[in-house]
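Report on the structure given below.
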Amino acid sequence: MEDSKKTLNFIEEIIEEDIRNGKHGGRVHTRFPPEPNGYLHIGHAKAICLNFGLAVKYKGKANLRFDDTNPVTEDTEYVEAIKTDIRWLGFDWEDREYYASDYFERLYQFALQLIDTGKAYVDDSSSEEIAAMKKGPTEPGIESPYRNRSADENHQLFLRMRAGEFPEGSKVLRAKIDMTSPNMHLRDPLLYRILYKEHHRTGNKWCIYPMYDFAHGQCDSIEGITHSICTLEFENHKPLYNWFIRELGIFPSQQYEFARLNLSYTVMSKRKLLKIVNEGLVEGWDDPRMPTIAAFRRKGYTPASIRNFASLVGVAKRDNVIDLSLLEHSVREDLNKIALRMMVVKDPLPVTLTDYKLNGELVEIENNPEDESQGTRPVTFSRNLLIEREDFMEDAPSNFFRLKPGGMVRLKGAYIILCNEVVKDAHGRILELKCSHIPESRSGNDHSGIKVKSTIHWVDAGTSIDVELKLYDRLFRVEDPNGEDDFMQFINPESLEIVKYARAEAALQKPDPGKHYQFVRLGYFKLDHGFRDGVPVFNRTVTLKDGWAKSKHKSN
RNA sequence: UGACCCAUGGUGUAACGGUAGCACUACAGAUUUUGGUUCUGUCUGUUAAGGUUCGAAUCCUUAUGGGUCAACCA
């Protein structure tokens, strides 16, 4: 959406070929089909951008369709969350909000049609018996003893299944295809099961529910979907998808599969994410350490950065693990242009300017050096300041450019200062720095002639305020934690660091919840849900790139 | 050991029989009142073996490696 690449991905190639051939009158109609049983994650974001993006690019349409055929796991809570996320990403399904459950009656009629043409039968076998008769992929299955009931008997039985005359699990409807097929999905797949469960939309109207395979393709067909795009694991379902369309003689939607997104240092399966939530390892689905869209939103990502990321990762058929750094690159790129700069000191070290005689003054500092139109703001400067503790080093190596005894550094937007004395307590902990300033070095009017190697951030001790900072790290310690059962052992125990009392310039007293900030040299931040005991709480969206930290890491 | 799918630098992704390119990462340098940004440069790649061809990442064969499928989940 952001950029139209010159080269096409394989789905775009198919679409352009179809348009050239006048297939479906050159019409392009896609759909995004979430199951409302969990929150959307960054992998879904890729699928959303793909489906809705294709519709935009080829002047077609994209539907939102909830695949709600399993009343046991689905809920309206998820429906609302999903809609919020898609809208936030910037996509619009207009009036095309559909539900598989809207089509239950038509799907039921489709089932009767298959029964009457001898293509489906009611099976009384238990689920264990059915599994046993299917056998494994390397050997042919065997046919059910109920497979050759007459169309008429099947018809009557299916009517009675719907009427609620049979207990849950006692009967299923199956397609009659081929029990010896090497493709397991073609070994008489289940179409309907009996389930006495209330559905979040249809209530108790139904006690039989269609399976995914019997619902999805037919829903596509009903909606006139031209390109039904799904992930690779449905590749083996395609012959079945096509079989239903052919046997029913309905609109021939076509399925295309692409590789789902995997991100390093996290997991993407709903089951695993649910487990992390349920075991209380995070606050919830929108905890900023989660890979959900809601979490990225709360953490301070922008919709544009996620859309751009989706475009950067591309669309192909090979399994992939995308570097987290690509996502971070994408959000930094966006935030650098829009974020308001502010100064916040995470770990304050008092600095007293012993030669500063004024009763304080205001210095003007730019709000965004990348964008002059964002203007400047006045910041209070005085004799008593706070700087970052790690910006001072007593025995500094030669490549440490910040403050050291007898050394000079510029305070961002203000003066160059000189460190004269280090005040310590009995344990040797540094309590305070006594410094002097160079009056002629004032920012914007510097005629001191002095060049310093570094500029550091600071706040005025008297007027600064407390803020809380929530600093996040990757959820998992290892790049690919996707082991089946042991993934929990790779959880990063230090994925959240809370700085309860950082000191911020006074302007942050009334933070704008809609704005993205850059706390100079600390990273990009966004207001979390609000305040804790009157103290504003900020989530760190992402750090700034830090060459110094890297070189330090290397020499260690 | 059945069927289907996939294989290009560290990670992704292009090249549609004719110069292996782009992004991220990493590294080096320049600029910089954020060790940020910006700019410049460098490193690293066609899984293997055969075949077709004047010419193969691309087509064919085989091998190897990886993924998916045996839920009354989607």
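Just so it is clear: chains get the letters A, B, ... in the order the sequence lines come, proteins before strands, and each one is counted from 1. Any value given below was found using the heavy atoms of this structure, including those in side chains, with hydrogens, waters and symmetry copies removed.
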**OP:** Describe the nucleic acid contact of S125(A) in one word from base, sugar-phosphate, nothing, applying a heavy-atom distance below 4.0 Å.
**Re:** base
**OP:** Just name whichever nucleotide pairs with C24(B), Watson-Crick or G-U, keeping both distances under 3.5 Å, else none.
**Re:** G10(B)
Original post:
Just checking, R193(A) and Y209(A): is the charged tip under 6.0 Å from the six-membered ring centre and within 45° of the axis?
Top reply: no
Original post:
Reckon L544(A) touches a base, only the sugar-phosphate, or nothing at all at heavy-atom distances under 4.0 Å?
Top reply: base
**OP:** Name the nucleic acid region contacted by V321(A), choosing base, sugar-phosphate or nothing; use a 4.0 angstrom heavy-atom cut-off, strictly under.
**Re:** sugar-phosphate
Original post:
How far, in whole Å, is A3(B) from U58(B) if one measures between their P atoms?
Top reply: 25 Å
Original post:
Which part of the nucleic acid does T73(A) contact within heavy-atom distance under 4.0 Å: base, sugar-phosphate only, or nothing?
Top reply: nothing
**OP:** Inspect the contact between R65(A) and E223(A) and indicate whether a charged nitrogen and a carboxylate oxygen are less than 4.0 angstrom apart.
**Re:** yes
Original post:
Looking at K545(A), does any N or O in its side chain come under 4.0 Å of the phosphate oxygens OP1/OP2 on U25(B)?
Top reply: yes
Subject >> Spacing between H237(A) atom NE2 and C5(B) atom P, to the nearest angstrom >> reply: 15 Å
**OP:** Compute the centroid of each ring, for Y265(A) and then for F476(A), and state whether the two points are separated by less than 6.0 Å.
**Re:** no
Subject >> N/O (side chain, H329(A)) to phosphate O (OP1/OP2, C24(B)) under 4.0 Å >> reply: yes
Original post:
Reckon E235(A) touches a base, only the sugar-phosphate, or nothing at all at heavy-atom distances under 4.0 Å?
Top reply: sugar-phosphate
Subject >> Donor-acceptor pair present, R318(A) side chain and G67(B) base, under 3.5 Å >> reply: no
Original post:
Touch check for S127(A), heavy atoms < 4.0 angstrom, all strands: base, sugar-phosphate only, or nothing?
Top reply: base
**OP:** Just call it for G547(A): base, sugar-phosphate, or nothing, with non-hydrogen atoms closer than 4.0 Å on any strand.
**Re:** sugar-phosphate
Original post:
Would you say S454(A) reaches U33(B)'s phosphate, i.e. side-chain N/O to OP1/OP2 under 4.0 Å?
Top reply: no
**OP:** Return the nearest nucleotide to the side chain of I130(A); candidates are C72(B), G2(B), A23(B).
**Re:** C72(B)
Subject >> Span that lies between the C1' atom of C59(B) and that of U42(B), in whole angstrom >> reply: 36 Å
